[in-house]
Amino acid sequence: MSLGGASERSVPATKIEITVSCRNLLDLDTFSKSDPMVVLYTQSRASQEWREFGRTEVIDNTLNPDFVRKFVLDYFFEEKQNLRFDVYNVDSKTNISKPDFLGQAFLALGEVIGGQGSRVERTLTGVPGKKCGTILLTAEELSNCRDIATMQLCANKLDKKDFFGKSDPFLVFYRSNEDGTFTICHKTEVVKNTLNPVWQPFSIPVRALCNGDYDRTVKIDVYDWDRDGSHDFIGEFTTSYRELSKAQNQFTVYEVLNPRKKCKKKKYVNSGTVTLLSFSVDSEFTFVDYIKGGTQLNFTVAIDFTASNGNPLQPTSLHYMSPYQLSAYAMALKAVGEIIQDYDSDKLFPAYGFGAKLPPEGRISHQFPLNNNDEDPNCAGIEGVLESYFQSLRTVQLYGPTYFAPVINQVARAAAKISDGSQYYVLLIITDGVISDMTQTKEAIVSASSLPMSIIIVGVGPAMFEVRPIPRLCGPVGEPGVEHGPTGQGCAGRDPGAVAVLYAYQRHPASAPTPCQPQPDSSSRAALRIPHIQCLTVCSPAHPLLLL
């Protein structure tokens with residue numbers, strides 16, 4: 001995913017990971033501290049429009065957050081890549097879509113990389129008459145390491161920190177930097193009321209743990225969780241990826257030491273021990289790896305035939321078949337389809353329409369084959385899809401409502417039969433308006449989120465489109481190890497437990513632009529150069545192969 005939005009870009013010099021922390025934020029909660037979240041916006045070179053790139057997790061009850069979720073950006077040395085960081089207080093007890101504004105900072109990506117130690121601190125502004133605190137940004141070039149480490153740890157005889165009970169321990173992992181500082185890279189879940197916790201196994205990219213330097217120091221802090229955010233420090237220990245990897249066939253025990261207690265007590269031994277129970281490493285495969293390995297793409301198209309698109313015989317219709325140019329739907333289909341068809345070996349694409357009355361009896365259908373063949377809905381190439389699409393426009397009656405769930409479930413049923421990585425399904429939905437079965441669509445996408453399947457939704461026409469996330473599988477709000485809130489577009493660390501749904505609404509042309517329009521990936525950038533296409537997003541599931 002690129003930052004600029006221009007039609008032509010040079011090859012990125014590298015990928016940069018941005019780590020975000022804040023200090024002395026405004027406190028807007030009455031009986032507790034603020035619950036901050038940072039949203040990153042990038043600026044288009046062509047239009048100067050700010051587009052949301054991603055979001056951190058929400059951390060409860062703190063004015064000095066260190067966010068685990070990173071932003072990964074393509075870095076173009078020869079370009080000025082403007083960034084905007086907005087900080088919000090997201091009260092878990094209220095609507096997450098209406099957070100309190102805590103301040104913002106503007107700077108270029110080059111400023112972060114060029115700062116001393118690739119680290120900068122900026123004053124937050126934007127709240128009149130208030131000191132908003134500061135934001136700290138650290139940049140690091142990412143290595144090409146694609147390994148994923150999975151480990152499980154437990155502890156024994158940790159210090160008791162709670163007056164009326166035992167401790168509620170959790171672990172925080174940091175990787176060391178060249179200047180002696182540390183960057184947070186993972187938090188475990190909290191295990192309540194025990195001095196002998198066993199944490200759930202977790203996976204972390206080796207790149208996040210040590211960025212490919214196997215001897216880089218990894219520091220692990222042990223804390224006792226407190227509801228008000230003032231977590232008590234129990235102790236710490238250090239290790240490295242190389243040392244951790246040696247423990248694949250044996251338990252490794254680390255002493256948890258508290259430097260302050262060690263200085264005060266002559267007979268101090270430790271504050272407990274942490275044992276590495278298991279450690280394994282697997283490779284994370286890329287899209288190219290899957291294609292080289294023989295994975296076949298199956299591309300399916302679904303086109304909106306609802307009456308809101310206008311009479312296809314009238315020039316004002318989004319389906320108007322002009323002798324001089326393609327309709328908005330046809331342009332969107334060609335722009336996305338011609339990219340994807342290169343990866344589909346047989347070039348046979350199932351193509352459906354939805355929201356129309358079918359001849360001869362006028363039955364309403366939300367999933368009819370464009371070629372009018374229920375037994376074989378395949379069309380030969382994108383040109384075959386266009387031909388069937390034009391033929392359907394001549395025979396069906398545009399009607400409604402706009403239902404997405406039937407066609408999503410249709411593709412999901414086919415994808416559910418694949419478990420060996422041999423096939424991957426891509427569903428392209430082109431629409432002009434509001435989803436009528438939003439609840440069923442959410443359920444369909446969530447159900448498909450574990451399948452080898454991606455959904456591309458393209459909005460055409462004068463309506464404005466916005467991406468709304470569907471958070472799910474979240475643990476208790478505020479506990480470490482749980483990343484809350486919407487997941488951002490781009491590479492900010494997608495939450496596999498959340499998927500996005502696109503919806504549209506009419507608005508006055510003079511109104512402010514919606515802040516939630518995702519920036520397209522470079523491979524799909526052509527689609528947004530087409531007039532009338534308002535938004536394109538990809539709903540990628542929790543699957544190793546992420547398309548576009």
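Only this structure's heavy atoms are used, side chains among them; waters, hydrogens and symmetry mates stay out.
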Show every donor-acceptor pair shorter than 3.5 Å between a side-chain atom in residues 256-264 and any protein atom, with sequence neighbours excluded, or say none if there are none.
from	atom 1	to	atom 2	distance (Å)
Asn258	OD1	Arg260	N	3.2
Asn258	ND2	Ile234	O	3.4
Lys261	NZ	Asp159	OD2	2.8

Identify all side-chain donor-acceptor contacts of residues 133-141 below 3.5 Å with residues at least two apart in sequence or on another chain.
from	atom 1	to	atom 2	distance (Å)
Thr134	OG1	Glu121	OE2	2.9
Thr138	OG1	Arg119	NE	3.4
Glu140	OE1	Arg175	NE	3.3
Glu140	OE1	Arg175	NH2	3.3
Glu140	OE1	Arg216	NH2	3.2
Glu140	OE2	Asn211	ND2	2.9
Glu140	OE2	Arg216	NH1	2.8
Glu140	OE2	Arg216	NH2	3.2
Glu141	OE2	Thr14	OG1	3.0

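At least one side-chain heavy atom of Val281 sits less than 4.5 Å from a side-chain heavy atom of Tyr241. Under the 4.5 Å side-chain criterion, counting only non-hydrogen atoms from C-beta, Leu107 is in contact with Phe85. Inter-residue side-chain proximity for Phe173 and Thr188 is flagged as met; some heavy-atom pair is nearer than 4.5 Å. Tyr343 has its side chain out of reach of Thr295: every pair of non-hydrogen atoms, C-beta onward, lies at least 4.5 Å apart.
Checked by atom type and distance alone, the side chain of Ser34 never pairs as donor or acceptor with a backbone atom of Asn89 at under 3.5 Å. Of the possible polar contacts, one joining the Ser44 side chain to the Ala46 backbone as a donor-acceptor pair under 3.5 Å is found. Remark: side-chain polar atoms of Asn196 are paired, donor with acceptor, to backbone N or O of Lys157 under 3.5 angstrom. Between the Asp224 side chain and the Asp168 main chain, a donor and an acceptor come within less than 3.5 Å of each other. The backbone N or O of Gln200 sits less than 3.5 Å from a side-chain atom of Glu189, completing a donor-acceptor pair. Checking side-chain atoms of Tyr268 against main-chain N and O of Ser271 turns up a donor-acceptor pair under 3.5 Å. A donor-acceptor contact shorter than 3.5 Å is absent between the side chain of Gln296 and the backbone of Gln423. A donor-acceptor pair is defined here as one N or O able to donate and one able to accept, closer than 3.5 Å; such a pair exists between the side chain of Gln81 and the backbone of Asp74. A donor-acceptor distance shorter than 3.5 angstrom exists from the side chain of Asp228 to the backbone of Ser230, with no hydrogens or angles considered. The closest donor-acceptor contact from the side chain of Ser176 to the backbone of Phe182 lies at 3.5 Å or more, if one exists at all.
Every residue meeting the salt bridge (Lys or Arg N to Asp or Glu O under 4.0 Å) condition with Asp215, not counting sequence neighbours, appears here in chain and number order: Arg242. Under the ring pair (Phe, Tyr, Trp, His ring centres under 6.0 Å) criterion, Phe237 pairs with Tyr254, sequence neighbours left out. Take Asp221 and apply the salt bridge (Lys or Arg N to Asp or Glu O under 4.0 Å) test, not counting sequence neighbours, and it matches Lys219. Asp66 meets the salt bridge (Lys or Arg N to Asp or Glu O under 4.0 Å) test with Arg23; sequence neighbours excluded.
A pairwise comparison of heavy atoms in Ala149 and Phe279 identifies CB-CZ, 3.8 Å as the closest pair. When all heavy atoms are compared, the tightest approach of Gln48 to Gln43 is O-NE2, 3.1 Å. In terms of heavy atoms, Val198 sits closest to Val191 at O-CG2, 3.9 Å. In plain terms, the two heavy atoms of Thr56 and Met37 that are nearest each other are O-CG, 3.5 Å.
For the residue pair Thr150 and Asp282, no side-chain donor N or O sits within less than 3.5 Å of a side-chain acceptor on the partner. Remark: the Tyr424 side chain and the Ser454 side chain contain an N/O donor-acceptor pair separated by less than 3.5 Å.
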### Query
Going through the checks in order, is the side-chain hydrogen bond (donor to acceptor under 3.5 Å, both in side chains) test met by Asn177 and Thr183?
CA-CA 7 Å; Asn177 302 314; Thr183 297; 3.0 Å; yes
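The residue from Leu297, Leu451, Val411 that alone fulfils the side-chain contact (heavy atoms from CB on, under 4.5 Å) condition with Tyr425 is Val411.
Dense packing is recorded around CG of Asp420, with more than 12 heavy atoms of other residues, nucleotides or ligands lying under 6.0 Å away.
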